[in-house]
Amino acid sequence: MISGPPLQQLTKRAQFLFVRAGFRASKPGVLVEARRREPSGAIGVGFTASKKVGGAVVRNRAKRRLREAARRLLPEHGLPGVDYVLVARQQTPSAPWPTLLDDLGNALLRLRADLEGAKRAKAPAKSTESD
RNA sequence: CCAGUCGGCUGGACGGCCGCGGGGCGCGCAAGUGUCUCGAGGAAAGUCCGGGCUCCACGCGGAUACGGCGGCGGGCAACACCCGCCGAAAGUGAUUUCAGGGAUAGCGCCACAGAGAAUAGCACCCGCCUCGCUCGCAGAGCUUCGGCAGGAAGGUAAGGGUGAAACGGUGGUGUAAGAGACCACCGCGCCAACCGUAAGGAAGGCGGCACGGCAAGCCCCGCCGGGAGCAAGACCGAAUAGGAGCACGCGUCGCGCAAGCGUCAGGCCCGUCCGCGGGUUGUGCUCGGGUUGGUCGCGAGAACCAUGCGGCGACGUAUGGUCCAGAGGAAUGGUCGUCACCGCGCAAGCGGUACAGAACCCGGCUUAUAGGCCGACUGGCAUU
RNA sequence: UGGGGUGUCGCCAAGCGGUAAGGCAGCGGUUUUUGGUACCGCCAUUCCUAGGUUCGAAUCCUAGCACCCCAG
């Protein structure tokens, strides 16, 4: 595996709510939220699936697929010091595997652009932490 | 062979690559890492019952209230579960279903229709019969003298009609017409030889029609139930938080008798651009409570498998063998290929493979479930 | 884990054993030159689902489904 920044799992409700206030990118297979926690360090990642996705078996399956996809793509496309939350959608358990990987990859690229743009814009005026 | 009834089992297989949780062992100061091994279900579900376990309450026993259960016998740790039997109902049958105690303990309800709906009422529904009746009406009823019509009188409840249900049914005797008034059978009620542990069955006898339904309406009878739940509960456990006790001490200045308050100094903590700012404070020791957090509770048991024995069966028992998930955002997977099964298609091929995820643990119930397999039995047809 | 509640027309709802009120909306008509208003009429055959009790069930009982709320 490519050695990137270490992954760290988000577990607390407060951590999820923190990320919820950040950027988000929606694809048919997955909804990704991201917010910078610190300038550098571990990549935080959390997974969630609501009851809308299905029963317990289906939700577990969705989270397993997202976890596997994140394990492959996040060290390469994720930014250090940023927390990501992957939210399962209704197509997550049934979508073809390459499609799911594409969706996650595109979402991560989009968020990388958003995060870096915000960093530049935020540099002069430090106090404006909107969105 | 066709149709059906009941019971039981199963719930995809193999391989490549990359991974996950628990445990053992090795290496390592540690972080880790290598290796071996184990790793979801018949319903893990719904949370509807019964228990174990833990804490709380409680002198013992009983009663009331409330809730649950309700044929009999057995099984079980226990049960609302299971087995066998009895009764009732449905089906040609195998078989299935049943909250299946009490309606002379009492109260309540029975709409509409109908004459009448519950200590029966009796007669003003249509009727039937008798008649000593012919009053009233415009008609001193009409008449072929046989009767007909009417009725406000009497008898009757058989027939029709209403209703879910109408106070026994069918046939006969009887009668003016009728009526359990009487008779036979059936039904009903009471008693009952005998059989059965019992629920219950029942030969037979007696009575003489008298006792409608609803208790998943209130209720009565019998039996059962103390409450909460693993977020139970136990242990560990910081500081500038904060409680109690003991010993020591009582810094500077101001006010004050003192307690105390303010101030400065000192100690400690936080932030820091290292200038300082903010907070807090007698010192030491001991004890107890306790938030975040951590550990335990947590899986060798009403356990599973095989065989024998007892029992119709549920089940019990003996011997031998096995160790079998245990997290805390929650593991047992992701992906690719081959095969199996099903559907579509001439074919190549394409699509699909159920319901569903342990969270303290057991015994049941209920509900969901693609497909496949096995056994027992019933009815029909054909053949021998 | 424990406890409580709701489900009736497209929407809001009454009804608590005896033929399913009412309002809004909708449809048709009358009035009006037209629209609005007003008036009249129509609109529930599975009362969330499946069984059962009863002569009779939206109502009573049992099981299930969906949704909501409360406590820790």
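Residue numbers start from 1 in every chain, and the chains themselves are labelled A, B, ... in the order their sequence lines are given, proteins ahead of strands. None of the values given here were measured: they were computed from a predicted structure.
- Going from the C1' atom of B:C1 to that of B:U170 covers 49 Å, rounded to whole Å.
- Rounded to the nearest Å, the gap between the C1' atom of B:G172 and that of B:A179 is 15 Å.
- Distance from the side chain of A:Asn60 is smallest for B:A40 among the nucleotides B:A40, B:G329, B:U335.
- In this structure, A:Arg61 does not reach the B:G357 phosphate: none of its side-chain N or O atoms is under 4.0 Å from OP1 or OP2.
- Nucleotides C:U54 and B:A164 place their C1' atoms 10 Å apart, quoted to the nearest Å.
- B:A239: no Watson-Crick or G-U partner with both key distances under 3.5 Å is found in any strand.
- In this model, the phosphate group of B:A330 is approached by a side-chain N or O of A:Arg67 to a distance below 4.0 Å at OP1 or OP2.
- Side-chain nitrogen and oxygen atoms of A:Arg64 include none within less than 4.0 Å of the OP1 or OP2 phosphate oxygen of B:A331.
- Separating the P atom of B:G22 from that of B:C296 is a span of 13 Å, rounded to the nearest Å.
- In this structure, the CG atom of A:Leu74 is 17 Å from the C1' atom of B:G334, given to the nearest Å.
- Mapping A:Pro96 and A:Val57 onto RNA chain B by nearest heavy atom places A:Pro96 at the nucleotide closer to the 5' end.
- Across B:G329, B:G357, B:U335, the shortest atom-to-atom separation from the side chain of A:Trp97 is found for B:U335.
- Separating the P atom of B:C377 from that of B:U384 is a span of 25 Å, rounded to the nearest Å.
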Ignoring hydrogens and angles, write down the donor-acceptor pairs under 3.5 Å from the side chains of residues 99-112 of chain A, residues two or more places apart or on other chains.
unit_1	atom_1	unit_2	atom_2	d
A:Asp103	OD2	A:Gly29	N	3.1
A:Asn106	ND2	A:Asp102	O	3.3
A:Arg112	NH2	A:His77	O	3.4

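- Here, B:C220 and B:A89 have their C1' atoms 28 Å apart, quoted to the whole Å.
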